[in-house]
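Single-structure report; data block below.
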Protein chains: 2
Amino acid sequence: MARKTGSHSEITGPKVRDAALRLFARHGYAAVSMRQIAREVGVQAGALYLYTKDKQSLLFDLMRTHMDELLAAWAATPKGSTPLAQLEDFSRFHIHFHLDRPDAVFIAYMELRNLSDANFATLEALRREYERELERILEAGHAAGMINVPDTRLATMAVIAMLTGVNTWYREGGRLSQDAVADIYWDMVRGAVGA
Amino acid sequence: MARKTGSHSEITGPKVRDAALRLFARHGYAAVSMRQIAREVGVQAGALYLYTKDKQSLLFDLMRTHMDELLAAWAATPKGSTPLAQLEDFSRFHIHFHLDRPDAVFIAYMELRNLSDANFATLEALRREYERELERILEAGHAAGMINVPDTRLATMAVIAMLTGVNTWYREGGRLSQDAVADIYWDMVRGAVGA
DNA sequence: GTCTATACATGGATAGAC
DNA sequence: GTCTATCCATGTATAGAC
């Protein structure tokens with residue numbers, strides 16, 4: 001017997017996270033009230049606390065989920081056998097993954113300051129883990145003589161900044177497709193690391 | 001006759017902006033209250049309104065001043081005669097200027113959402129003006145056959161993102177000096193644009 | 001120029017009815 | 001599971017004394 005009303009936990013929970021994601025991305029965590037989120041979802045403010053402990057947990061869950069998905073998606077990506085091929089894989093993966101979820105990416109970068117100390121530490125660890133994936137590729141490429149960078153750590157930061165920067169200007173349906181952008185950026189990444 | 005007390009406008013005004021700059025950078029515009037700023041300055045909250053129309057104007061003044069200084073500093077920078085030399089000049093200038101004012105840079109990138117529509121439009125125009133400086137260099141280099149980029153606009157965004165990214169990890173007194181970082185990044189910029 | 005006092009709105013979060 | 005009602009803290013901004 002299907003329940004007629006009440007008990008929308010399976011539907012309302014995701015709706016709360018969706019609304020929070022969009023509003024936090026648009027206006028910033030501190031500028032968004034629980035009442036705004038509730039209005040967007042179509043419930044009263046008090047009802048939100050059935051789906052999240054508090055506002056901070058709501059933010060942390062969104063960021064944590066994003067980083068988990070990022071690491072899982074990269075782990076599941078087929079990779080070439082040479083460091084150079086892997087660098088290309090990483091570059092294309094990063095651009096596509098990030099362009100597909102602009103709101104989550106925006107929050108993950110902008111709202112770190114609004115996390116509690118413990119939550120911040122957790123997020124930082126996940127971010128370092130992701131950076132480390134690229135750094136390992138660059139180290140291997142350097143060891144194999146395939147790329148030429150004076151400092152692997154700086155090259156890691158430079159490449160990630162360059163690739164993530166696409167999110168600041170790319171608009172779906174614009175002049176270039178995601179693939180065209182990825183082609184061009186892969187060229188620039190390759191040049192930057194002297195490959 | 002020097003005034004003994006009262007009339008500290010010439011001192012308190014800058015102190016208000018300094019405190020706001022630091023607090024906005026650390027906690028975010030929306031998360032900082034006028035009371036916090038006042039406490040930092042050592043006055044009562046009401047007294048702040050002698051130095052700023054409202055909180056929004058305080059933010060806008062900080063961002064506007066930063067962009068004005070950026071454009072003025074670049075205009076005053078001696079530049080080489082070839083596009084390649086100018087690209088190097090730009091890269092080094094950008095890194096040094098940005099590393100010297102991390103708080104202002106952070107705010108200029110993070111708090112755009114919190115500007116009123118009119119203020120946002122003004123800031124955007126200044127930002128585009130700065131980007132245009134780099135784009136002109138890349139166009140000239142491309143025309144002269146000195147650099148090789150498939151898309152000048154994308155190369156502009158990529159280079160700026162890469163260079164600005166330094167601010168996310170650089171710490172004064174760390175492993176590398178500003179000059180050492182600029183050397184390495186200039187190498188990577190040169191490679192990225194195929195020079 | 002700075003203070004205290006205050007108007008007034010809005011914030012996060014909880015209690016208890018239904 | 002959602003509602004109304006409410007507690008209480010905090011926010012921006014202004015008025016008027018000194």
Side-chain angles (χ1 to χ4, degrees), chain A residues 1-24 26-63 107 111 113-119, chain B residues 1-24 26-62 107 111 113-116 118-119:
Chain A
M1 281 268 245
R3 285 165 295 187
K4 300 273 172 46
T5 182
S7 102
H8 296 291
S9 165
E10 324 82 41
I11 297 173
T12 309
K15 275 174 72 178
V16 168
R17 284 186 286 277
D18 278 3
L21 185 76
R22 196 168 13 157
L23 289 171
F24 288 168
R26 190 115 54 219
H27 307 292
Y29 171 77
V32 173
S33 69
M34 295 298 269
R35 286 177 167 88
Q36 265 178 281
I37 299 171
R39 197 182 321 129
E40 196 84 359
V41 174
V43 300
Q44 295 288 327
L48 292 180
Y49 291 85
L50 294 169
Y51 308 99
T52 183
K53 189 178 152 296
D54 52 21
K55 198 186 174 193
Q56 168 76 200
S57 302
L58 192 48
L59 174 64
F60 179 64
D61 283 353
L62 292 174
M63 295 173 81
I107 291 173
E111 303 296 356
R113 325 177 262 207
N114 288 309
L115 289 176
S116 68
D117 288 351
N119 288 344
Chain B
M1 282 263 245
R3 285 164 293 188
K4 300 270 171 50
T5 181
S7 110
H8 296 290
S9 165
E10 323 82 41
I11 297 174
T12 307
K15 274 174 72 178
V16 169
R17 283 185 287 276
D18 278 3
L21 185 76
R22 198 171 19 181
L23 290 171
F24 288 167
R26 190 113 56 218
H27 308 291
Y29 171 76
V32 172
S33 70
M34 295 298 269
R35 289 194 226 271
Q36 266 179 280
I37 298 171
R39 196 183 322 130
E40 196 85 357
V41 174
V43 301
Q44 296 289 327
L48 292 180
Y49 292 85
L50 295 169
Y51 308 99
T52 181
K53 189 177 151 296
D54 52 21
K55 199 186 173 192
Q56 168 76 201
S57 301
L58 192 49
L59 174 64
F60 178 65
D61 283 351
L62 293 174
I107 291 174
E111 303 296 356
R113 316 177 269 202
N114 288 308
L115 289 175
S116 68
N119 288 345

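The chains referred to below are lettered A, B, ... by the order of the sequence lines, with proteins before strands, and numbering in each begins at 1.
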Candidate nucleotides [options], ranked by approach to the side chain of [X] - the nearest:
| X | options | value |
| --- | --- | --- |
| A:L50 | D:dG1, D:dA13, C:dG12 | D:dG1 |
| B:K55 | D:dA13, C:dT14, C:dG11 | D:dA13 |
| A:V43 | D:dC3, D:dT14, C:dA13 | D:dC3 |

*Excluding sequence neighbours, so at least two apart, what forms salt bridge (Lys or Arg N to Asp or Glu O under 4.0 Å) with A:R35?*
none

*asked:* Under the rule for salt bridge (Lys or Arg N to Asp or Glu O under 4.0 Å), what residues qualify as partners of B:R39, not counting sequence neighbours?
replied: none

*Within residues 12-21 of chain B or reaching into it, pairs that qualify as salt bridge (charged side-chain N to carboxylate O under 4.0 Å, His left out) - sequence neighbours excluded*: none

*What pairs of residues pass the salt bridge (charged side-chain N to carboxylate O under 4.0 Å, His left out) test when at least one of them lies in residues 41-55 of chain B, not counting sequence neighbours?*
none

*asked:* Once side-chain hydrogen bond (donor to acceptor under 3.5 Å, both in side chains) is applied, do any residues pair with B:E40, and if so which ones, sequence neighbours excluded?
replied: none

*Scan A:V41 against the nucleic acid and name what it touches under 4.0 Å (heavy atoms): base, sugar-phosphate only, or nothing.*
nothing

*asked:* In this structure, how many angstroms lie between the C1' atom of C:dT10 and the CD atom of A:Q36, rounded?
replied: 11 Å

*Please report the shortest heavy-atom distance between A:I107 and A:L21, naming the atom on each side.*
CD1-O, 3.3 Å

All N/O pairs under 3.5 Å across the protein-nucleotides 4-7 of chain C interface:
residue : atom : partner : partner atom : Å
C:dT4   : OP2  : B:Q44   : OE1          : 3.3
C:dT4   : OP2  : B:Q44   : NE2          : 2.9

